[in-house]
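By convention in this document, chain letters (A, B, ...) are assigned in the order of the sequence lines, proteins followed by strands, and residues within each chain are numbered from 1. Keep in mind that this is a model prediction, so the values were computed, not measured.
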Amino acid sequence: MSEALHDVQAPMGPQASALFDLWTIMLIVCALVFVLVMTALILALWRARRGGRGGSLATLPDMARHPRRDSAVRRAVGWATAVSTVMLVGLLFASFLTDRAIARLPLDDAVQIELVAHQFWWEARYDVHDPKLAFFTANELHVPVGRPVLVTLRADDVIHSFWVPSLHGKKDLIPGRVSTFAFRADKSGVYRGQCAEFCGYQHAHMTLFVFADDPADYERWSAAQRDPAVEPTNPVERRGRDLVVGTTCGLCHAIGGTNAQGRRAPDLTHIASRTTIGAGTVANSESSLADWVADPQRLKPGVNMPPHDYNAEDLAAIGAYLASLK
Amino acid sequence: MCSRSPDRAAAAPAFALAAMLLLMTACEREERRFEPPSPGARVKTEQRASMIASYERNAYAVATGKRLWTWYNCNGCHAYGGGASGPALIDDVWIYGGDALSIYTTIAEGRPNGMPAYGGRVPEDQLWQLTAYVRSLAGFATRDSAPNRDDALLTRPPEALGDTRKPETAHPSGATVQP
Amino acid sequence: MTTRDDALPATEVGRVDDGAAPRRSSRPKLRDGTDDPRVLKSLEATWTDDRKLIAWLCTNDHKTIGRRIIVTALGFFAAAGVMGGLMRHQLATPNSTLVGPDFYNQLFSMHGTTMMFLFAVPVMQGFALYLVPLMVGTRNTAFPRMSACAYWLYLFGGLLLFGAFATNTGADAGWFSYVPLSGPQYGIGKRPDFWNMLVTYSEATGLMLAVDIATTILKMRAPGMSLRRMPLFAWASLVTSIMIIFAMPMVMLGANLVQFDRMVGTHFFNPAEGGDPLLWQHIFWFFGHPEVYFIFVPALGFISAIIPTFARRPMFGYDAVVLSLIATGFLSFGLWVHHMFATNVPELGKSFFTAMSFMIAIPTALQIFCWIATLWTGRIVIRTPLLFVLGFFFILMIGGLTGIMLGSVPLDLQVHDTFFVVAHLHYVLIGGAVFPMFAAIYYWFPKITGRMLSERLGRWHFWLFFIGMNTTFFPMHILGLHGMTRRVYTYGPETGWSMLNMTATIGQVINDLSMFLFVLNIGWNFFRGERAGDNPWSAPTLEWSVSSPPPPYNFAALPVVSALYPLWAPKRPPTHVRGLSAQIREGLATTVLDAKPDVRYAYPSPTIWPFLAAVGVSIWLVWSIWSVPGFAWGLIAPTIAFIGWYWPSKREALEELEWEKEP
């Protein structure tokens, strides 16, 4: 999705803003230091040439002591070091203050999401504390603008890292450890994130989209996600459902309201409401869904889903059914 | 003390050759087979046995088989190989045969007394991977390709550390092998 | 100066009565330090290796071994550079199919592993091995056989890793091989095993060379070279060696713990059974952070050697620079958690590491100011080595400043594991180590080979590399800020990363061109270059007082030093040591602080055992990858080799005894 934002320099939430401010301060200070030191170096070089003062390898150097010059230079070096130290201490404070700022997000009325990272997709479980409200989705989060989001982070297999640059920094998801992470989106839009810890063959295609919706849109979306899967409306879709539930798919995937209740792979109940397949690998459409089912290894080699041996008619039916699951 | 021997370059190629021979075995073990060998085509019975043998020598295939073992809940009856309602798979007793083809047939077509048929529900390639894994559980796969301990609770010795058995081509009970 | 042996009457020396000893008192003893032409001939005969293959395998001359390490390291540099080039070509366009994900994973893992373990640290140690004895005024390092073994271990480890890579078994979990991805369940096949093995080799090599270099610096300096008269490169090598001794064993420990998990089923990193994946990160980075300083600190030594020569004045602030080197070495052990800021280690602890990461900038800043002060108050001569030093300033400063940014916990949460880090690490490694290394090559090539390199080609090399390097890596800062994570084999066109990636690839092509010119320069001038005299740069340190290339015995008579810059200061008598044997390989050990003569030391003779020990260790390590009992049975081979190595030679012992009895 080309309109998704993924830029540290385009903060859309309070933490990303605090981090951007720190980045700006550091950039200015570091650039200043760089310019000053380079200027000193260039001046030193220029001084050497001015008035034929350049040296020669043929003559032995002057080993005499120059106490006045040396003490002046020593003072300059001392001051430069002292100023550098003071600047570093200043930056250290800026860093500490920012650290505290990003940790202080008020969490009243937070949306609760449990994010479990797998090779190579993101599982999102909303509101797991209340079975009536809980639902599962994958690879795309919707959050309401202006409300904090509290994410519990778990990893199923290897270390992954959750990172949406426009909203916050990153946090690793480590097997055997549960961490929490909070952020808030203050402007509506789509924000792109990507797994930021090398996790295997398809680390490159483990994208996560965060849709920051107006609160009303969010309520509509989450209500729709809680509904079971849409019933098929025509014979082709019915055939597709029978194949999906009755053959392989249900062994790993879940489709709410059917017998397919596998939890090893992304939840497909509302697959057609998502914008991409394979965590950002291809855009979602009926034909791309059919292609994906036929041979996901061609599109995302190394993914945990195998190719399937359906004939063209069955494949089309599967595609039609999945595309109907809005 | 160093003697004055005049020969050059004799040691180097011998060392290189030995190293190469050792490392050539790596090619089959380390291949990452993301696609099945002949997607869509039916594999003839005679070829299945050698195909499964090549899967047993491929570390990625055995590791995938292990993942599928967990995902398809083989533990539900076979409990990490030790057996519960289903028979143990890490011992010497094979009701329907412990050779690769027999195990494949067991998984694909099911057996009396409760083993479901996975053929038709599980893609062919995955059946071969599962067969290769069961063979590694039983100690038939090569040590190099067998997986080691899980990143999970310890339930039995890791596959690579269990007893190895010689690969069988005919199974001990004398029953015929289903094609 | 009268040496100790002249001052002692023969009766003071203990006598050993051994009837079987050949009676050598009839043969005249030739001692160095006189003008007798027989002495030089005898020294030559004693110290030269035969020109046979077997002698080639037996040598323990520090110059030969140092040259070999450098050449081997540059070979690995080229191989890893090719891998980097392939990666850049894959990333130049979105959704490229040049290379698939599995091979790409091996490419970046091998690139990082080769550069860090097989190029950067060994090349610095190789330079130290070559230069330190010459700079401190002795004939060989303290433990020459150990250095010889270290080279063979280095070569075998590297060849085994590349042999594995050639058979699709290259490392594929990144150069720091995190568990669980490299663990028993997810590290499929033998790939992580080879990585672990390579780490064991590298650690052994690094440790052996470090112990040798550190001992040489502390105990084998020329008389009169007190610690405050020691060249700054020797100080840098000393600090580096001590850091290596403390840090390298950690990574070997970690790699072996992972190997135990993989081979034997232990649970060090298995959270379900009480282990923790973060344990690996702590162990690795406790080594990993000092490791980048193993690469950086010797480079600082190069800079401190080259600037005084081309500024035609002594280094400004010698004491400050020494203290900065020591402080850098010490502080580098307190930074490692800054590689783990994105994990859930406690926040307060992380802040401590931010403070330490900022603190280490201060000694480096002090050194930079001292160098600039030296240039400012000097009379500068521009030659290729100095050009590379100036390039170092520019590039390292950028790298160091982005390092400060990365050292801050909150900011690191945005840029960790993105191309911003890739940019930073290449700026500090290329700017802080590779540029100084090229400066060192251009500076010391005349000494090592006796030929000058072409100034013109050198300048072309410098400018192309400088432009290419910045073109390749500067855009990566922006890519990181725009969300591009590390270790991705491709990206989609909708991300908007294409243009910057293409720019980076163009820069890499420019780099390749610059390296081609470098190879041309070396290749042509090695055979046809203008002959260099003893001291083409009119430089001040002791290595420039001998011929180019140095004779096998380094110094016809060991120098006595009375100033920090011996070749620039007027000489004061006594100027040389007299009386060491010219018929056996002898050296003089001096005291640690003031370098007063202490003991006469007979060097071990060349022998095949270090080579055989390396072969034995290889048998052991390779066998243990394939079989658990192999870990125990394989030990037989190195045990035999070490027994052979340490087996005393009666003939040599008697020879040395002759010289002790009648010094």
Side-chain angles (χ1 to χ4, degrees), chain A residues 1-2 6-9 19 22-23 26 30 33-34 37 40-41 44-45 47-48 53-57 60-61 63 69 73 77 80-81 84-85 88 91-92 95-96 98-99 102 157-159 161 165 169-172 174-177 179 192 194 196-204 301-302, chain C residues 100-102 105 174 178 180-181 186 271 276-278 312-313 316-317 342-344 351 354-355 358 361-362 365-366 368-370 372-373 375-381 393-394 397-398 401 404-405 408-411 413-414 416-418 481-483 485 487-491 494 537-538 568-569:
Chain A
M1 305 183 53
S2 40
H6 49 94
D7 192 348
V8 170
Q9 296 163 306
L19 295 174
L22 180 64
W23 159 252
M26 286 209 147
C30 291
V33 168
F34 180 72
V37 175
L41 183 63
L45 293 170
R47 263 171 63 93
R53 284 187 70 241
S56 151
L57 293 179
L60 272 181
M63 295 294 286
R69 178 195 74 180
V73 177
V77 169
T81 312
S84 307
T85 309
L88 278 170
L91 288 179
L92 193 61
S95 171
F96 287 159
T98 311
D99 218 358
I102 61 177
D157 36 35
V158 297
I159 302 180
S161 190
K170 58 184 62 73
K171 192 92 181 194
D172 283 358
I174 301 169
R177 286 175 175 244
S179 14
R192 184 185 188 279
Q194 195 167 325
E197 182 60 61
F198 178 60
C199 52
Y201 308 114
Q202 285 296 336
H203 167 65
Chain C
D102 185 43
N105 293 349
Y178 276 179
L181 194 58
Y186 296 100
D276 191 349
L278 276 190
R312 309 308 293 156
R313 63 146 289 163
F316 181 87
T343 62
N344 69 341
S351 307
T354 294
F358 281 25
I362 300 171
L366 181 54
I368 292 182
F369 298 145
C370 288
I372 294 181
L375 290 168
W376 186 287
T377 52
R379 290 164 171 268
I380 299 176
V381 183
F393 278 112
F394 184 94
M397 278 232 68
I398 295 179
L401 292 168
I404 297 288
M405 294 175 182
S408 149
V409 172
L411 195 50
L413 292 181
Q414 280 285 34
H416 167 68
D417 244 341
T418 65
L481 291 171
H482 284 183
T485 54
R487 301 164 156 189
V488 290
Y489 77 101
T490 190
Y491 54 91
E494 72 283 357
W537 311 119
S538 197
W568 282 355

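No side-chain heavy atom of V73(A) sits less than 4.5 Å from a side-chain heavy atom of W376(C). The shortest distance between side-chain heavy atoms of F96(A) and V409(C) does not fall below 4.5 Å. Counting only heavy atoms from C-beta outward, the side chains of L57(A) and R312(C) approach each other to under 4.5 Å. Counting only heavy atoms from C-beta outward, the side chains of D417(C) and S161(A) never approach each other to under 4.5 Å. I159(A) has its side chain out of reach of L181(C): every pair of non-hydrogen atoms, C-beta onward, lies at least 4.5 Å apart. Two residues are said to be in side-chain contact when any heavy atoms from C-beta on lie closer than 4.5 Å; N105(C) and F198(A) meet this criterion.
Using a 4.5 Å cut-off between heavy atoms, L19(A) contacts chain C through both its backbone and its side chain. With a 4.5 angstrom heavy-atom cutoff, I102(A) touches chain C only via side-chain atoms. With a 4.5 Å cut-off on non-hydrogen atoms, S84(A) touches chain C through its side chain but not through its backbone. Using a 4.5 Å cut-off between heavy atoms, Y186(C) touches chain A through its side chain atoms alone. Of the atoms belonging to I398(C), heavy atoms from both backbone and side chain fall under 4.5 Å from chain A. Neither the backbone nor the side chain of Y491(C) comes within less than 4.5 Å of any heavy atom in chain A.
If you tally non-hydrogen atom pairs under 4.5 Å between each of V37(A), D172(A), D7(A) and chain C, the highest count goes to D172(A). Ranked by non-hydrogen atom pairs under 4.5 Å with chain C, the options L22(A), L41(A), T98(A), L60(A) are led by L41(A). Interface remark: of the candidates P301(A), A196(A), G176(A), A196(A) forms the most heavy-atom pairs closer than 4.5 Å to chain C. Chain C forms more heavy-atom pairs under 4.5 Å with one residue of M26(A), K171(A), R177(A) than with any other, namely R177(A). In terms of non-hydrogen atom pairs under 4.5 Å with chain A, the most contact-rich of L375(C), L411(C), T418(C) is L411(C). The candidate with the highest count of non-hydrogen atom pairs below 4.5 Å against chain A, out of I362(C), I368(C), L366(C), L401(C), is L401(C).
Closest approach of I380(C) and A44(A) over heavy atoms only: CD1-O, 3.8 Å. For Q202(A) against P101(C), the heavy-atom pair with the smallest separation is NE2-CG, 3.8 Å. When all heavy atoms of P180(C) and P175(A) are compared, the closest pair comes out as CG-CG, 3.7 Å. Across all their heavy atoms, T490(C) and A204(A) have their closest contact at O-CB, 3.6 Å. Contact between V77(A) and C370(C) at its shortest, heavy atoms only, is CG1-SG, 4.4 Å. Taking both residues in full, the closest heavy atoms of R69(A) and R313(C) are given as NH2-NH1, 3.0 Å, listed atom of the first, atom of the second, then distance.
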Walk me through it: do Q414(C) and Q9(A) pass the test side-chain contact (heavy atoms from CB on, under 4.5 Å)? CA-CA 10 Å; Q414(C) 280 285 34; Q9(A) 296 163 306; over 6 Å; no

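Taking SG from C30(A) and CE from M397(C), the interatomic distance works out to 8.5 Å, rounded to the nearest 0.5 Å. To the nearest 0.5 Å, the span separating OG on S408(C) from CG on D99(A) amounts to 7.0 Å.
Without hydrogens or angle criteria, K170(A) side chain to A342(C) main chain gives no donor-acceptor distance under 3.5 Å. For H203(A) (side chain) and V488(C) (main-chain N/O), no donor-acceptor pair under 3.5 Å exists by modelled atom type.
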